[in-house]
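Remember, it's 1-based here, ligands and their atoms both numbered in the order they're listed. Not measured: the values here are computed from a predicted model. These values consider heavy atoms only, across backbone and side chains, with no hydrogens, waters or symmetry-generated copies.
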Amino acid sequence: MMLKKLAIACSFIALTAAADDRFANVEIKTTPIKGSVYMLEGSGGNIGVSAGEDGILIIDDQYAPLAERIAAALAEISPAPTRYVVNTHYHGDHTGSNAFFHEHKDATIFAHENVRVRLASDDKTAPATLPVVTYEDGVKFHFNGETIHVFHLPEAHTDGDSAVWFEQQNVLHTGDLFFNGRFPYIDLGAGGTVKGYIAAIETLLDKVTDDTIIIPGHGGLATPQDYAKTLDMIKQTNAYVQDLKRQGMGVEQIIEKGLPEEWADWSWRFINEERWIKTLY
Ligand SMILES: [Zn+2]
Ligand SMILES: [Zn+2]
């Protein structure tokens with residue numbers, strides 16, 4: 001009995017150590033984009049930053065073990081306090097450091113109301129992680145001489161997605177409505193839909209101009225052309241899968257047949273071709 005307990009304790013420690021190791025070598029890289037707008041990359045969703053005389057606002061905050069490293073990277077940009085955090089949706093790779101910024105930096109967390117509902121429905125969520133201000137359609141920050149427009153897009157990656165538009169600098173943070181150069185993850189279990197995801201990209205592409213700089217949820221900085229390529233890929237692979245489905249093919253048969261070769265390099269560790277076909281099916 002003792003031995004069994006010890007074994008369980010050891011495997012727990014091993015798991016915890018593995019989880020820590022996963023972040024041990026992550027460094028936060030800062031990229032100045034334009035004026036007061038920056039991007040931070042580490043592990044998890046890309047972080048958008050507005051830094052200036054009014055203070056700091058961040059869009060998403062990656063995983064909890066990275067919180068102090070994110071704060072240190074922000075301090076390099078500006079000594080001003082982090083006053084606001086916006087969550088583009090509830091996933092842990094975008095909300096993991098909420099509690100840190102709320103408790104240690106006194107930041108106020110903003111998100112669509114379904115982000116709060118989904119986080120609150122998980123017993124493991126610390127109360128300090130929860131967004132303090134929630135909205136249905138959106139909210140505008142008048143901050144650092146910029147209009148930062150946060151607005152909701154329905155039933156896309158989840159049921160609580162927001163995109164963020166830095167109006168004067170012409171920078172768009174899409175949250176996970178854009179995985180640059182990869183098959184996107186659409187969280188069907190959390191209210192996401194393929195149809196809504198396509199509609200969200202179309203809405204966002206309608207807003208951009210040729211010189212808009214796009215911060216995707218995952219992947220490197222992008223242009224509207226890159227985003228249009230993603231939309232094209234989704235529409236074409238979706239039409240292909242729907243066509244085979246109409247011909248009576250099951251999902252396993254379509255996986256076996258595979259997508260046309262031209263889409264092969266969109267596959268990645270998390271959403272490979274099989275998972276993307278299942279999502280579309
Ligand atoms: Zn993500
Ligand atoms: Zn996500």
Side-chain angles (χ1 to χ4, degrees), residues 19 22-23 26 28-29 31 39-49 58-67 69-70 85-101 109-122 124-125 129-131 134 150-164 172-201 203-204 214-222 226-227 230-231 234 266-272 275-276 278-280:
R22 189 176 150 209
F23 298 107
V26 174
I28 306 296
K29 180 183 151 204
T31 305
M39 173 174 75
L40 304 186
E41 292 164 278
S43 177
N46 292 325
I47 299 174
V49 180
I58 59 174
I59 301 156
D60 291 340
D61 53 28
Q62 301 194 341
Y63 294 103
L66 300 174
R69 274 170 264 181
I70 294 165
V85 174
V86 175
N87 293 146
T88 59
H89 60 292
Y90 84 102
H91 287 152
D93 59 323
H94 298 256
T95 57
S97 299
N98 276 8
F100 173 88
F101 282 101
I109 300 165
F110 287 69
H112 184 267
E113 56 188 15
N114 289 345
V115 174
R116 187 181 161 98
V117 171
R118 290 206 176 269
L119 286 172
S121 70
D122 183 346
K124 293 190 290 293
T125 302
T129 295
L130 298 177
T134 59
V150 181
F151 52 99
H152 171 58
L153 295 128
E155 297 170 351
H157 173 67
T158 64
D159 60 7
D161 301 307
S162 296
V164 184
L172 174 68
H173 190 305
T174 61
D176 280 358
L177 300 172
F178 187 14
F179 289 71
N180 191 8
R182 313 171 190 180
F183 292 135
Y185 171 44
I186 298 179
D187 192 343
L188 304 176
T193 65
V194 174
K195 198 171 154 225
Y197 202 92
I198 290 172
I201 299 179
T203 300
L204 294 174
I214 303 179
I215 304 175
H218 296 268
L221 276 183
D226 297 324
Y227 206 13
T230 290
L231 177 63
I234 296 172
W266 292 74
S267 181
W268 58 296
R269 182 180 45 81
F270 186 44
I271 307 294
N272 57 18
R275 198 140 182 228
W276 180 233
K278 280 186 178 158
T279 301
L280 295 171

Hydrogens and angles aside, do N46 and D60 bring a side-chain donor and acceptor to less than 3.5 Å of each other? no
How close do T174 and A163 get, heavy atom to heavy atom, and via which atoms? CA-CB, 4.4 Å
Heavy-atom donor-acceptor pair, S97 side chain to D61 backbone, under 3.5 Å: yes
Given the rule in the side chain to side chain contact (heavy atoms under 4.5 Å, CB included) test, do I28 and Q62 qualify, once you have shown the distances and angles that lead to the verdict? CA-CA 11 Å; I28 306 296; Q62 301 194 341; 4.1 Å; yes
Quick one: salt bridge (charged side-chain N to carboxylate O under 4.0 Å, His left out) pairs with a partner in residues 39-48, sequence neighbours left out? K29-E41
Mind listing the closest non-hydrogen atom pair of R118 and D159 along with its distance? NH2-OD2, 2.8 Å
At distances under 2.8 Å, what protein N, O or S atoms surround the Zn ion (ligand 1)? D93 OD2, H94 NE2, D176 OD2, H218 NE2
